[in-house]
Amino acid sequence: MTTKETFSFQSEGKQLLDLMIHSVYSHREIFLRELISNASDGLDKLRVASLTDEGLRALFADPHIRLAADGEARTLSVSDNGIGMNRDDLVAYLGTIAKSGTKEFLRRLTESGEPLTAELIGQFGVGFYASFMVADAVEVLTRKAGDGQAWLWRSSGDGTYTIEEADRDGQGTTVTLHLKAPGQEEDEEEDFTDPLTIRSIVRRYSDFVAYPIRMKGDGGDEVLNSMKAIWSRSESEVTDEEYAEFYRHLSHDWADPLERIVYSVEGLTTFRALLFLPSKASLDLFLREGDRGIQLYVKRVFIMQDCKELIPEYLRFLRGIVDSDDLPLNLSREILQKDRQIALIRRSLTRKVLEELKSLKEKNPETYLAFWKEFGPVLKEGIFADEKNRQALLALALFQTTEREWISLEDYIAAMKPDQKALYYLSGGSLEGLRRSPHLEAFRERGYEVLLFDHPVDDFWSGVVESHGDRPLRSVAKGAADLDDLPGVKADVAEGEDRYEGLLKALGEALSEEVSAVRLSRRLTQSPACLVGEAHSMTPQMEELLRSMGQPVPKNRRVLEVNAAHPLLEGLLRRHGEERDLTDEARLLYGQAVLAEGGKLDDPAHFARLLADLLARDVGREGLRT
Ligand code: ADP
């Protein structure tokens with residue numbers, strides 16, 4: 001006797017389903033593309049499994065997809081004889097709609113009241129659930145390759161689904177849609193059981209699928225797709241729309257790609273590549289759990305999904321295929337890592353992609369900026385990781401500065417003052433925080449533009465880049481600012497330096513736990529003090545990042561620089577002359593320097609108390625006066 005179990009979708013899943021069902025989305029026919037893509041993936045998976053599993057080899061015979069429609073019963077089904085699913089797979093894959101990042105995404109969607117568009121939905125990879133846009137109920141009858149038992153999954157999109165034992169001839173999956181009654185939606189004219197409609201949807205969205213998509217016609221079986229590998233056709237023969245559909249098929253993205261790269265190489269290694277830059281970063285870009293990257297084919301035969309060896313990690317946002325003529329068909333993951341052909345392809349693809357990005361940047365700055373905003377932080381990982389292409393990647397980078405938005409280093413250098421010796425930057429924290437940082441004062445006064453690095457990845461690469469072009473790269477928050485060399489500044493400070501010696505020493509002793517030294521500043525014009533790192537020390541943000549990753553980070557004491565031109569210093573000098581204890585003043589000075597750069601105090605309560613005492617004294621004095 002079979003038992004039927006009932007399950008609930010997790011809450012985000014329910015919310016997402018509701019959105020799908022009730023959104024009035026104008027291209028509902030894309031549900032079919034999603035089901036065919038899943039069927040094609042299922043066949044790919046069986047092919048790959050059959051390479052290493054003798055038992056499965058015989059099952060990968062006549063791989064195909066079959067569509068069947070019944071106008072009277074109002075059903076449409078999509079079947080494949082691919083990998084299939086067991087009970088656990090069904091729960092894991094079809095019971096878990098929402099993937100990582102979904103909760104956050106839904107919250108934003110509800111808060112902003114933004115309408116649910118195909119692009120937004122597509123970011124989740126909710127492919128299968130698109131069925132609920134056209135169906136009241138969906139059934140999945142499936143049997144995993146190699147298993148005897150089949151299962152039936154059923155849901156009416158109401159928050160629950162059931163799974164029960166079932167029978168199925170052979171391995172594979174059949175998804176049956178019980179279509180909504182026609183005319184239920186205002187603009188619903190299409191009848192998805194009509195062979196003409198089905199044929200045209202398949203041709204439009206799924207023509208290049210590598211397995212035959214069959215349907216019973218009047219004169220027997222008919223194959224609806226041409227199965228022609230889109231990358232083996234010349235670029236002039238393929239329309240933009242066809243490329244876009246192919247991109248959607250393999251990326252499971254619903255939006256158009258931003259750009260495509262069609263590339264073929266003959267020689268030491270022979271291959272064709274068709275790569276796409278997505279228009280939006282996927283939710284898992286930084287979680288690194290995505291599994292859609294570059295598909296590998298050997299002589300038109302699908303070998304594997306997401307072949308990570310083909311491109312460096314900092315290009316992991318690319319989607320597409322590589323089809324090699326030289327690799328063996330029975331390629332294993334282990335061989336891949338050592339294969340010389342793969343290394344050649346990877347080098348060649350990397351170079352090509354960087355060239356294409358360079359030309360996009362030159363020819364189409366607007367598109368490039370859109371690309372950079374989505375993927376710049378990922379590309380910047382390469383500046384750190386790929387020494388060979390470091391300068392090329394630096395040339396691709398766009399930055400915010402104290403003066404301008406999104407400029408390249410080239411633009412920055414072009415606008416440099418004649419007496420400016422280095423490329424200056426300030427890193428860490430938010431853009432607004434950076435813009436207000438006291439470290440910038442003297443630079444701003446001299447009219448020097450400063451690059452602002454506000455992404456955590458900037459701390460990594462700026463630590464390894466010494467220069468660009470023939471200019472050194474310098475942090476304005478590290479070392480003694482090069483402002484020393486400028487006429488005027490040096491003389492001013494040097495003259496009075498002796499006067500401050502005793503005070504600086506006293507402040508240094510009071511803060512011996514926190515700072516390595518206290519010295520007069522050449523970079524401050526308004527603020528009383530700021531903290532400065534050694535030329536090669538880690539930034540506070542980097543220390544925090546490493547600590548949050550569980551790495552031991554030694555306490556790095558920086559230098560406290562004080563501004564001789566600030567009235568506070570005169571006062572301190574006087575108190576020091578009167579031989580008063582300056583511990584509290586030193587702590588206040590240090591604390592406000594930490595806060596001014598957007599940092600966190602080790603003991604905020606203590607700082608707050610000092611500040612309150614100071615305020616009380618000031619207010620008290622005022623009381624006496626009046
Ligand atoms: P996506 O395809 O973007 O991962 P879907 O919601 O369309 O998301 O499908 C979820 C998962 O269900 C797939 O990743 C796959 O593991 C499984 N699946 C769906 N359809 C099939 C099928 N026809 N054959 C085998 N597995 C399938």
Side-chain angles (χ1 to χ4, degrees), residues 9-10 12-13 16-17 19-20 30-50 56 59-60 63-68 76-102 118-135 138-147 150-155 157 161 163 168 170-177 205-206 209-211 213 247-255 278 282-284 289-293 295 302 305-306 319:
F9 293 113
Q10 84 286 39
E12 293 99 79
L16 203 58
L17 262 183
L19 274 169
M20 295 288 286
I30 51 105
F31 79 89
L32 190 55
R33 166 189 83 192
E34 299 300 317
L35 295 180
I36 291 175
S37 271
N38 282 348
S40 164
D41 287 353
L43 288 162
D44 284 345
K45 281 180 195 156
L46 179 59
R47 207 199 92 77
V48 171
S50 71
L56 296 182
L59 296 180
F60 193 70
H64 68 275
I65 297 165
R66 175 173 292 285
L67 305 184
L76 172 64
S77 69
V78 179
S79 302
D80 63 71
N81 53 351
I83 192 81
M85 287 175 273
N86 60 25
R87 185 186 164 286
D88 291 347
D89 292 340
L90 280 171
V91 175
Y93 301 146
L94 299 191
T96 319
I97 309 175
K99 307 198 172 142
S100 47
T102 309
E119 286 71 27
L120 286 177
I121 300 176
Q123 271 183 283
F124 303 104
V126 287
F128 167 76
Y129 302 94
S131 309
F132 287 101
M133 294 193 299
V134 297
V138 178
E139 287 169 10
V140 180
L141 176 62
T142 182
R143 189 173 129 192
K144 188 154 187 160
D147 282 7
W151 300 91
L152 180 63
W153 180 102
R154 229 194 287 237
S155 177
Y161 62 93
I163 296 180
R168 189 185 199 282
Q171 88 288 347
T173 303
T174 301
V175 178
T176 303
L177 308 187
Y205 294 105
S206 312
V209 168
Y211 305 98
I213 302 170
Y247 164 75
R248 285 191 270 263
H249 166 70
L250 71 111
S251 67
H252 290 226
D253 186 353
W254 288 18
S282 59
L283 294 166
D284 49 22
E289 28 175 75
D291 61 350
R292 310 237 182 259
Q295 294 185 347
F302 174 82
Q305 192 80 38
D306 191 29
R319 299 289 177 263

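We use all heavy atoms of the structure for the numbers below, so side chains are in, but hydrogens, waters and symmetry mates are not. Numbering of ligands and ligand atoms starts at 1, following listing order.
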Worksheet, complete the sentence: Candidates Lys45, Lys144, His252; heavy atom nearest atom 15 (C) of ligand 1 found on Lys45
Fill in: Option whose closest heavy atom lies nearest to atom 24 (N) of ligand 1, chosen from Val140, Val175, Asn81, Thr173
Thr173
Do [X] and [Y] make a side-chain contact, defined as non-hydrogen atoms from C-beta onward lying under 4.5 Å apart?
X: Leu35; Y: Leu177; answer: yes
X: Ser155; Y: Phe132; answer: yes
X: Ile30; Y: Trp254; answer: yes
X: Met85; Y: Lys144; answer: no

For ligand 1, does [X] get within less than 4.0 Å through its side chain, its backbone, both, or neither, judged by non-hydrogen atoms?
X: Thr142; value: neither
X: Asn38; value: both
X: Asp41; value: neither

Say whether [X], considering both its backbone and side-chain N or O atoms, lies within less than 3.5 Å of an N or O atom on ligand 1.
X: Asp80; value: yes
X: Phe128; value: yes
X: Tyr129; value: no

Practice prompt. Looking only at non-hydrogen atoms, find the nearest pair between Ala135 and Val138 and report the distance.
Written response: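 Where Ala135 meets Val138 most closely, the heavy atoms are CB-CG2, 4.1 Å.
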Item to complete: Can you see which heavy atom on Arg33 is nearest to which on Ser206, and at what distance?
Response: CA-OG, 4.1 Å
Discussion item. Could you tell me, atom by atom, which parts of ligand 1 come under 4.0 Å of a heavy atom of Leu94?
Written reply: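 Reading through ligand 1 atom by atom, the close ones are 12 (O).
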Worksheet item: Are Thr176 and Ser77 linked by a side-chain donor-acceptor pair shorter than 3.5 Å?
Response: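 Side-chain D/A pair, Thr176 to Ser77: absent.
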Discussion item. With a cutoff of 4.0 Å, is Glu34 in contact with ligand 1, counting heavy atoms of the residue only?
Written reply: no
